[in-house]
Amino acid sequence: MKTLNVNSPVYIDEVKPPIIELPTCKGIMVIPVQQIIRIQSISNYSKLFFKDGRTLVVAKVLHWFQQQTGLFSFVRIHRTHFVNM
């Protein structure tokens, strides 16, 4: 990961929206974090709710999503819900 020096200029090309990489049976799915509204825990699975109305169920627990660095704008409001602020 590239670190930025406070004294160096930041160019628009260098600033990328945060993403989350979800491993699936077909490969790694790259999802922009700003597209996720919330994540709901369902036992050993999690259900992602997107802005366009789609949902996605993945075999990851909610704690795994909490540990992802790209999800800094998320808040755990309940033991089963992780919401994008």
Side-chain angles (χ1 to χ4, degrees):
M1 177 173 244
K2 187 175 180 182
T3 59
L4 295 176
N5 184 351
V6 176
N7 298 324
S8 67
V10 176
Y11 299 99
I12 298 298
D13 295 342
E14 294 178 4
V15 179
K16 294 183 174 84
I19 59 167
I20 188 165
E21 296 176 349
L22 285 172
T24 66
C25 61
K26 296 179 182 178
I28 295 181
M29 179 182 279
V30 178
I31 301 172
V33 172
Q34 71 267 15
Q35 294 298 315
I36 303 171
I37 296 173
R38 67 184 174 103
I39 304 170
Q40 178 182 356
S41 172
I42 307 170
S43 187
N44 288 332
Y45 297 90
S46 293
K47 187 173 186 177
L48 286 78
F49 294 83
F50 296 97
K51 285 184 177 180
D52 61 4
R54 293 181 302 128
T55 60
L56 175 67
V57 177
V58 294
K60 296 285 181 194
V61 293
L62 205 55
H63 183 70
W64 183 86
F65 288 99
Q66 275 190 284
Q67 294 177 334
Q68 300 304 305
T69 57
L71 299 179
F72 59 88
S73 62
F74 279 72
V75 176
R76 191 161 184 173
I77 60 168
H78 187 265
R79 65 181 181 83
T80 61
H81 284 83
F82 203 37
V83 177
N84 192 351
M85 299 308 282

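Residues W64 and L22 form a side-chain contact, since some pair of their non-hydrogen atoms from C-beta on lies under 4.5 Å apart.
The OG1 atom of T80 lies 12.5 Å from the NZ atom of K47; values are rounded to the nearest 0.5 Å. Considering CZ of F65 and CZ of R76, their distance stands at 11.5 Å, rounded to 0.5 Å.
The cluster map of Ile, Leu, Val, Met, Phe, Trp and Tyr, joined by side-chain heavy atoms under 4.5 Å apart, puts I77 and M85 in the same cluster. Both L71 and M29 are part of a single hydrophobic cluster, where members link through side-chain heavy atoms under 4.5 Å apart.
By the side-chain hydrogen bond (donor to acceptor under 3.5 Å, both in side chains) test, Q68 pairs with no residue at all, sequence neighbours left out. Under the ring-ring contact (aromatic ring centres under 6.0 Å, His included) criterion, F82 pairs with F74, not counting sequence neighbours. Listed by chain and residue number, H63 satisfy the side-chain contact (heavy atoms from CB on, under 4.5 Å) test with Q67 (two or more places apart in sequence, or in another chain).
For residues 18-38, no residue pair satisfies the salt bridge (charged side-chain N to carboxylate O under 4.0 Å, His left out) rule, not counting sequence neighbours.
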Show me the side-chain donor-acceptor pairs of residues 50-62 shorter than 3.5 Å, one per line, residues at least two apart or across chains.
residue	atom	partner	partner atom	Å
K51	NZ	Q34	O	3.2
D52	OD1	R54	N	3.1
D52	OD1	R54	NE	3.3
D52	OD2	R54	NE	2.9

- Task: Would you sort out whether I39 and L48 count as a side chain to side chain contact (heavy atoms under 4.5 Å, CB included), showing the intermediate values?
- Result: CA-CA 5 Å; I39 304 170; L48 286 78; 4.1 Å; yes

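The two residues V33 and I20 have their closest heavy-atom pair at CG2-N, 4.1 Å.
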